[in-house]
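A short write-up of the structure that comes next.
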Number of protein chains: 2
Amino acid sequence: MSQDHAVHAPGQVAGGWRPGDPAAGRQFAELGELPLERGGSLPDTTIAYETWGRPNAARDNAVLICHALTGDAHVVGPAGPGQPTPGWWDGLIPAYLDPTDWYVVAANVLGGCQGSTGPSSTAPDGRAWGSRFPAITIRDQVAAEAALADALGIDRWAAVIGGSMGGMRAIEWPLLYPDRVATAVVLASTGYASAEQIAWCAPQLAAIEADPHWHGGDYYGTGEAPLAGLGIARRIAHVTYRSEYELAIRFGRTPQGDGRFAVESYLDHHAAKLAARFDPGSYVVLTRAMNSHDIGRDRGGQHEALRGLRSRLVVAAVDSDRLYPPRLSAELVDAHPAAGPLHLVKSPYGHDGFLIEVDQVGQLVADVLH
Amino acid sequence: MSQDHAVHAPGQVAGGWRPGDPAAGRQFAELGELPLERGGSLPDTTIAYETWGRPNAARDNAVLICHALTGDAHVVGPAGPGQPTPGWWDGLIPAYLDPTDWYVVAANVLGGCQGSTGPSSTAPDGRAWGSRFPAITIRDQVAAEAALADALGIDRWAAVIGGSMGGMRAIEWPLLYPDRVATAVVLASTGYASAEQIAWCAPQLAAIEADPHWHGGDYYGTGEAPLAGLGIARRIAHVTYRSEYELAIRFGRTPQGDGRFAVESYLDHHAAKLAARFDPGSYVVLTRAMNSHDIGRDRGGQHEALRGLRSRLVVAAVDSDRLYPPRLSAELVDAHPAAGPLHLVKSPYGHDGFLIEVDQVGQLVADVLH
């Protein structure tokens, strides 16, 4: 399997930013102790973030961009030392979100591995958190972003925008902090992790946790990491991110020179790429956070939660998305009295359409902020 | 993970029938050397089979039932010693296929693990085949069934009926042996493994082959087997066999007492069940055989292959099937001049609907044989 090539030098943790690596475009906010939804707290929380543009005098031009599962704070711009990937939403800034007008902020999510506190971070005892990293929720991630907003002096976002797992934060934001969000833009996402979404995560979690290098989550410092398991998880996830139609048209039954099918090599490639840049421990922590997502929890259900929402809500689904099917987005607008129509992004690519169809999504963002 | 409970006593291979186990309802045909499509041959091929009813004097009342990936020759009837599962199509016989009229035959597929020759079988050198088991195709499986038909004295089947992987054999049968099939009944299947089907198999194969107990396929006799990997494969496959709608209605976000989600426990259960009864080596061999499926290979493509088909062709798809979407079934009837309309089984259950909706499918079979 090609992820076997993605081995790291002994003593190195799997993919992910480590203190001492080049900061690239990142800044770091030291946010202190963060209380957690399920009890307890994280001490010494750090959130890595990038910004584009500057706050205006009224500080009412701030926009928060929330990344998806394996994204980071690098929304646009090239890869380079300390930054393993080019921007995951290249094309959005400046064409549709001009930093001469807007102060754009993007944070690496709590639990992540690109500079924010996660399981690969060093705990107060000097060892990696590993299995001791607490089970966090989407609400905890939003609370960390709110602490970042405090640190940046942003009382209220003009918009909080996110897709997929980022959309989970975008919809949680105005529910947790009703006065701090003018407009939430929720793309290819949902008000709760569905049974199917949880079901797809089950073999992904099992694959990582069955990897002999997992060591119950305490592989940091062993010189090895459960990269084969992470690669299996990525293959599963990647198919859910695309569409049957695209795979049929793009690959069909075409063989590779090595006797494998082209679609198998394609999945191998994506598995190896992720294994080289992402920490399996973060993948597990963030997956479980997504599974926890339910805006109706302790709020009387989704409908009741949305009924009282005072922020403007803009929701878009990708028509061919099978992982976050449009009906889940429709439930959001149906439950919010002033949400307006559900926007449909037309795409043959499935869930990933929210990233690929940057012109449609960018125009929606531009219209929202107009 | 619950499949950890499905451990076997040292020295035992994972699930699957072994010589010396009770035969249950099975008979065994010793078919000698079987030439293989990709060259070479299998010596001393054994095919396990069950029968219901008796051949009539004209020997024109024989029906062959072809099982899917993890099925076996036990179409109907209880589980018992030597037979780990009740019939996978209970309800079909006698209600829709009466053994007072029909001589029904079902064989465990070549490469399987319920009495037919597969990777867990003993090779001529006295050791298990393991990694030395040749890469077989659906056509090889049909050739083995044709050798069984010879042994049974059946020149021509009144019908060859199969769903999913069994449907692959049902459509290959009249193409390989045009004079030996009156009617082929192809359920929830396809003329070729699609890019998506191959893509879903990729993480399943990777999970089994990454299991430390896999040993390159030569784990037989080690006292251990890659059951964790097989369980991960089953979780993936099982989600593809069902529908998003069913999972949402049936499980939603319901928690279990142990803090896990009900849908997670459901997948754990299916993983453990399969690990207790099925051989991971067979799973790999049969998965690769399914990936090889392409009725158009060496026949000028699917359309050309079907254009010359002389047998009657009856095709049914499950309306909610996302693994074998109805369009693949439609391609079969569209390419065959006399195929008749595509039958649609109405079901909320997805691909597994061809097993669950036994009344709809049974009525179709009864109508075909009327």
Can you name the closest pair of heavy atoms from [X] and [Y] and give their distance?
{"X": "B:S243", "Y": "A:E196", "result": "C-OE1, 4.2 Å"}
{"X": "B:I232", "Y": "A:A210", "result": "CD1-CB, 4.0 Å"}
{"X": "B:A199", "Y": "A:V239", "result": "CB-CG2, 3.9 Å"}

For chain A, find which of B:P203, B:S194, B:G252 contributes the most heavy-atom pairs closer than 4.5 angstrom.
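The residue among B:P203, B:S194, B:G252 with the greatest pair count is B:P203.
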Take a 6.0 Å sphere around CZ of A:R307 and say whether it holds more than 12 heavy atoms from other residues, nucleotides or ligands.
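Counting other residues, nucleotides and ligands, CZ of A:R307 stays at 12 neighbours or fewer.
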May I ask you to check whether over 12 heavy atoms, not counting those of B:F261, lie within 6.0 Å of atom CZ?
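Atom CZ in B:F261 is packed in, count exceeds 12.
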Using atom types as modelled and distance alone, determine if a side-chain donor or acceptor of A:R253 lies under 3.5 Å from a backbone N or O of B:N291.
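Checked: pair present.
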B:A262 versus chain A, the contacting section by heavy-atom distance below 4.5 Å:
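For B:A262, neither part sits under 4.5 Å from chain A.
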At a 4.5 Å cut-off on heavy atoms, which part of A:H293 comes close to chain B: side chain, backbone, both, or neither?
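The backbone, not the side chain.
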Side chains of A:V263 and B:W200 in contact at under 4.5 Å (non-hydrogen atoms):
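No, side chains not in contact.
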Top contributor to chain B contacts, counting heavy-atom pairs under 4.5 Å, from A:A233, A:P325, A:A193, A:P212:
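Option with the top pair count is A:A193.
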Partner of A:E244 by side chain to side chain donor-acceptor pair (under 3.5 Å), out of B:R327, B:R322, B:Q197:
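Result for side chain to side chain donor-acceptor pair (under 3.5 Å) with A:E244: B:R327.
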